[in-house]
Amino acid sequence: MNTMLFPEDVANVIQSFYLCNKGDEATTDLLLTVGAEILDISPDKMLEMITEGF
């Protein structure tokens with residue numbers, strides 16, 4: 001079964017986990033890398049996506 005992943009949904013999930021683990025640099029780096037791989041973007045762009053509005 002194939003399921004469509006929307007970039008906003010991926011960013012929201014990564015953002016939630018990122019905010020819960022903000023003090024742990026290794027975990028936040030891993031989250032940014034996983035989100036970036038899913039969306040085929042750079043980790044810097046992933047960080048930019050999830051920190052907009054803060």
Query raised in the report: Run the side chain to side chain contact (heavy atoms under 4.5 Å, CB included) check on Val10 and Ile14 step by step: do they pass?
Result: CA-CA 6 Å; Val10 173; Ile14 298 297; 4.2 Å; yes
Pairwise distance [atom1]([X]) to [atom2]([Y]) - rounded to 0.5 angstrom:
X: Gln15; Y: Glu52; atom1: CD; atom2: CD; result: 9.5 Å
X: Ile38; Y: Asp9; atom1: CD1; atom2: CG; result: 11.5 Å
X: Tyr18; Y: Asp29; atom1: OH; atom2: CG; result: 8.5 Å
X: Phe17; Y: Leu31; atom1: CZ; atom2: CG; result: 7.5 Å

Nearest heavy atoms of [X] and [Y], plus distance in Å:
X: Leu39; Y: Met46; result: CD1-SD, 4.0 Å
X: Pro43; Y: Ala36; result: N-CB, 3.7 Å
X: Met49; Y: Ala11; result: CE-CB, 3.8 Å

Query raised in the report: For Asp40, does the CG atom have more than 12 heavy-atom neighbours from other residues, nucleotides or ligands under 6.0 Å away?
Result: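 Open.
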Requested in this report: Check whether any side-chain heavy atom of Ile50 sits under 4.5 Å from a side-chain heavy atom of Leu32, and report yes or no.
Outcome: yes
